[in-house]
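Scroll down for the structure; my scribbles are underneath it.
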There are 2 protein chains.
Amino acid sequence: MRRFVGGNPYCCDMRGMLGFLILFLLSKKSMHGQELADEIAKRKGEKPSPGTIYPALKSLREMGFISSEEKEGKTIVYSLTERGKNALRIAKRRFIRTFLGVFP
Amino acid sequence: MRRFVGGNPYCCDMRGMLGFLILFLLSKKSMHGQELADEIAKRKGEKPSPGTIYPALKSLREMGFISSEEKEGKTIVYSLTERGKNALRIAKRRFIRTFLGVFP
DNA sequence: TTATATATATCGGATGTCCAACATATTGTA
DNA sequence: TACAATATGTTGGACATCCGATATATATAA
């Protein structure tokens with residue numbers, strides 16, 4: 001099988017960027033897991049599996065970047081914490097500097 | 001050791017994005033490996049090791065996305081091929097749609 | 001010539017990322 | 001109650017990404 005060393009430029013996959021994207025999306029609006037997965041699907045064309053999205057959310061929560069609140073029994077709404085906002089600010093700065101010029 | 005499932009949002013690391021970034025940088029200017037590594041270092045703050053940059057270049061060359069030309073014995077200048085330009089166009093579109101709103 | 005610096009290259013392996021599969025709980029419907 | 005649909009959650013493992021170590025070749029300097 002072909003190995004795409006350095007990342008497959010065709011796919012432009014999320015490796016390493018999922019946490020960042022989640023923080024960014026939650027900064028615009030608090031959401032529950034499925035909402036988040038759907039929003040990501042809309043953007044990148046592929047819906048992350050439960051085994052992808054929930055461990056990511058768990059990590060971000062354990063790192064203190066997001067908080068969770070149960071809503072109406074079934075869904076759990078995630079929100080950015082102050083620490084999360086700070087982390088996002090830093091990550092955003094790096095992201096913008098790294099990919100400067102890619103956006104029109 | 002802590003596992004950052006979903007990608008460490010603090011680092012905003014390159015996992016999966018290096019090939020994309022290389023294509024983008026070469027689309028602005030043909031460069032040799034070290035030039036490329038220095039440009040990446042300037043952007044993301046960390047210079048990729050030889051074990052990172054050269055295998056990535058080799059992959060991109062094998063995929064027909066870049067061509068290489070020896071210059072003055074020592075350096076090898078890499079340029080985007082037509083296929084590479086196409087790949088970049090597609091990847092850029094995905095990238096922009098995925099991270100829409102992150103750039104100011 | 002010897003030594004140093006620079007550029008390229010390969011390989012092994014540590015580690016992270018992500019999915020498939022499975023499991024649980026709640027809600028709504030028949 | 002039984003059944004389906006939806007949301008959340010866990011685990012194992014395949015695979016990719018990337019670095020450290022190492023090697024080679026060339027150019028330059030002493």
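The basis for the numbers below is simple: all heavy atoms, side chains too, and nothing from hydrogens, waters or symmetry mates. Residue numbers begin at 1 in each chain, while the letters A, B, ... track the order of the sequences.
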Side chain of [X] - closest among [options]:
X       : options               : answer
A/Pro55 : D/dG9, D/dA21, D/dT11 : D/dT11
A/Arg61 : D/dA7, D/dG9, D/dG20  : D/dG9
A/Pro50 : C/dT8, D/dG20, D/dG9  : D/dG9
A/Lys74 : C/dA20, D/dT6, C/dT8  : D/dT6

Value in whole Å for how far the [atom2] atom of [N] lies from [atom1] of [X]:
X       : N      : atom1 : atom2 : answer
A/Leu36 : D/dT8  : CG    : P     : 10 Å
B/Leu57 : C/dT10 : CG    : C1'   : 14 Å
A/Leu60 : C/dT17 : CG    : C1'   : 14 Å
A/Tyr54 : D/dG12 : OH    : P     : 20 Å
A/Ile76 : C/dT27 : CD1   : C1'   : 15 Å
B/Ile22 : D/dC18 : CD1   : P     : 9 Å
A/Lys47 : D/dT6  : NZ    : C1'   : 10 Å
B/Lys58 : D/dC18 : NZ    : P     : 17 Å

Discussion item. Regarding B/Thr75, tell me which of base, sugar-phosphate or nothing describes its non-hydrogen contacts under 4.0 Å with the strands shown.
Written reply: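 Touches sugar-phosphate only.
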Worksheet item: Is A/Glu39 salt-bridged to A/Lys29, cutoff N-O under 4.0 Å?
Response: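 Here A/Glu39 does not pair with A/Lys29 in a salt bridge, since their nearest N and O are not under 4.0 Å apart.
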Practice prompt. Report the C-alpha separation of B/Lys47 and B/Gln34 in whole Å, then their side-chain angles, then the decisive distance to 0.1 Å, and conclude whether the side-chain hydrogen bond (donor to acceptor under 3.5 Å, both in side chains) test is met.
Written response: CA-CA 10 Å; B/Lys47 187 168 172 171; B/Gln34 285 305 313; 3.3 Å; yes
Item to complete: Please tell me which of A/Glu70 and A/Pro48 maps to the more 5' nucleotide of DNA chain C, matching each residue to the nucleotide holding its nearest heavy atom.
Response: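 Looking at the nearest nucleotide for each, A/Pro48 comes out on the 5' side.
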Fill in: Gap between atom CZ of B/Phe24 and atom CD1 of B/Ile22 - 0.5 Å precision
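Separation between the atoms: 13.0 Å.
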Worksheet entry | A/Phe99 ring center within less than 6.0 Å of B/Phe95 ring center |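 When the ring centroids of B/Phe95 and A/Phe99 are compared, they turn out to be within the sub-6.0 Å range.
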Worksheet item: Does the side chain of A/Asn86 come under 3.5 Å of the side chain of A/Arg83 through a donor N or O and an acceptor N or O?
Response: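 Looking only at side-chain atoms, A/Arg83 and A/Asn86 do not form any donor-acceptor pair under 3.5 Å.
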